[in-house]
Amino acid sequence: METIEWGALGFDYTKTDVNARYSFTGGKWSDMEITADEYIRMHMSASCLHYGIELFEGLKAFRGVDGKVRLFRVEDNARRLQSSAKRLCLPVPTVEMVVEACKEVVRRNERFIPPYGTGASFYLRPVMFGTTVGLGVKPAKDALLIVYGSPVGAYFKTGIKPIMVAIDREQDRAAPRGTGDVKVGGNYAASLMSGEKAHDLGYSNVMYLDAAEHKYIEECGAANFFGIKDGKYITPKSPSVLPSITNMSLRQIARDMGLEVEERHIPVEELETFEECGACGTAAVISPIGKIFDMQTEKVYNYGTEVGKISMELYTRLQDIQYGRAEDKHGWCTIVL
Ligand SMILES: Cc1ncc(COP(=O)(O)O)c(C=O)c1O
């Protein structure tokens, strides 16, 4: 076991022993290569550098109460990676290639997998980009897919607590029929400016509205949005929202809890009617939302300083599956070690 202060870890890169790589050249994928090298040597005219032909994924491995290491829904991340690759006209790796690389990175970096009970986990970051040398705007013929990992700390160091978010209409994250529904770097670059504006005002996340009309709720920073009212779990349906694997799991858990699930447009004004609301994603599972501030209209929506009962139960049930404390009845976990 590595001498890492697990409790002090944030969401930062920590060097591990090895990463896994596949390269695509001459119309075919290489075998998986395992390397200790953290660097890549790339031509200055590589297509990813100029035209943003880049995508990534994020998922976690957890050391469970039984000492086993579980990858959470790795196949779903692999499928989402495939859809991002298709959207950018990149070669599409198989689900097995991505899953095997994730497993191998977990196995070979076992000493970096945080012990149970620390709240820390092992974050996996598959990243893929076009490496073809050229000047014109056209699809890349060559690509590199790298899977690496890093131990990361608990998102809420002192227990889950509500966050404050700000609505921004001055910059949008993703357009309808654009790339909002895939995990490509350009979406994140486009979100930085509004994110910084919100941070300056003391808000942790930006809530984006639909780019066409600014009428409906889309996403909450790098997380999906959900609201709870009248025994319902309600989450936006939109072609420019990233299909969150956490949200997909919470919808199933909500049904298991007897809640009704609605995926539909959520008008901003409906925020007044929610009993609880939250942001969900791999990083924190659920960040309950305590307050929403509309930066342009200055309207405030308040949900209190306590975590709502339903949000807490959703959070606990999902973490119980990830840490092997509850039966994995939907088959979401892959035991690696
Ligand atoms: C824009 C965006 N929405 C939602 C999510 C949550 O997705 P997931 O639950 O798969 O982590 C993420 C993070 O991955 C994200 O970047």
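Whatever order the structure lists them in is the order used to number ligands and atoms, beginning at 1. Computation of the quantities below employed the complete heavy-atom set of this structure, encompassing side-chain atoms and omitting hydrogens, waters and symmetry-equivalent molecules.
- Counting atoms of ligand 1 from 1 in the listed order, those under 4.0 Å from a heavy atom of Asn224 are 3 (N), 4 (C).
- Counted by atom type alone, Ser244 and Asn247 present zero donor-acceptor pairs between their side chains at under 3.5 Å.
- Ranking protein heavy atoms by distance to atom 11 (O) of ligand 1, first place goes to Thr282 OG1, 2.6 Å.
- In this structure, Gln322 and Phe62 approach most closely via the heavy-atom pair O-CB, 3.4 Å.
- In the model, Tyr208 has no side-chain atom that pairs as donor or acceptor with a side-chain atom of Ser240 under 3.5 Å.
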Validation: residues 136-155 side-chain donor-acceptor distances under 3.5 Å, sequence neighbours left out:
residue	atom	partner	partner atom	Å
Asp142	OD2	Thr132	OG1	2.6
Ser150	OG	Asp12	O	3.2
Ser150	OG	Thr14	N	2.9

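- Between Ile245 and ligand 1, at least one pair of N/O atoms sits closer than 3.5 Å.
- The shortest heavy-atom distance from Gly58 to ligand 1 is not under 4.0 Å.
- Within the 4.0 Å heavy-atom cutoff, Glu57 does not count among the residues contacting ligand 1.
- The contact set between ligand 1 and Gly281, taken as ligand atoms under 4.0 Å from a residue heavy atom, comprises 6 (C), 9 (O), 11 (O).
- Legend: residues meeting side chain to side chain donor-acceptor pair (under 3.5 Å) with Gln296, ordered by chain and number and at least two apart, are Asp168.
- Classified by interplanar angle (parallel below 30°, tilted 30° to 60°, perpendicular above 60°), the ring pair Trp332/Phe72 is perpendicular.
- Between Arg80 and ligand 1, at least one N/O pair is under 3.5 Å apart.
- Among protein heavy atoms, the minimum distance from atom 13 (C) of ligand 1 is reached at Lys183 NZ, 3.3 Å.
- Nearest non-hydrogen protein atom to atom 12 (C) of ligand 1 is Ala222 O, 3.1 Å.
- Side chains of Arg73 and Ser249: a donor on one and an acceptor on the other come within 3.5 Å.
- Here the protein heavy atom with the shortest distance to atom 16 (O) of ligand 1 is Tyr188 OH, 2.4 Å.
- With ligand atoms numbered from 1 in the order given, ligand 1 contributes 1 (C), 2 (C), 3 (N), 4 (C) to contacts under 4.0 Å with heavy atoms of Glu219.
- A salt bridge does not link Arg41 with Asp37: none of the charged nitrogens is closer than 4.0 Å to a carboxylate oxygen.
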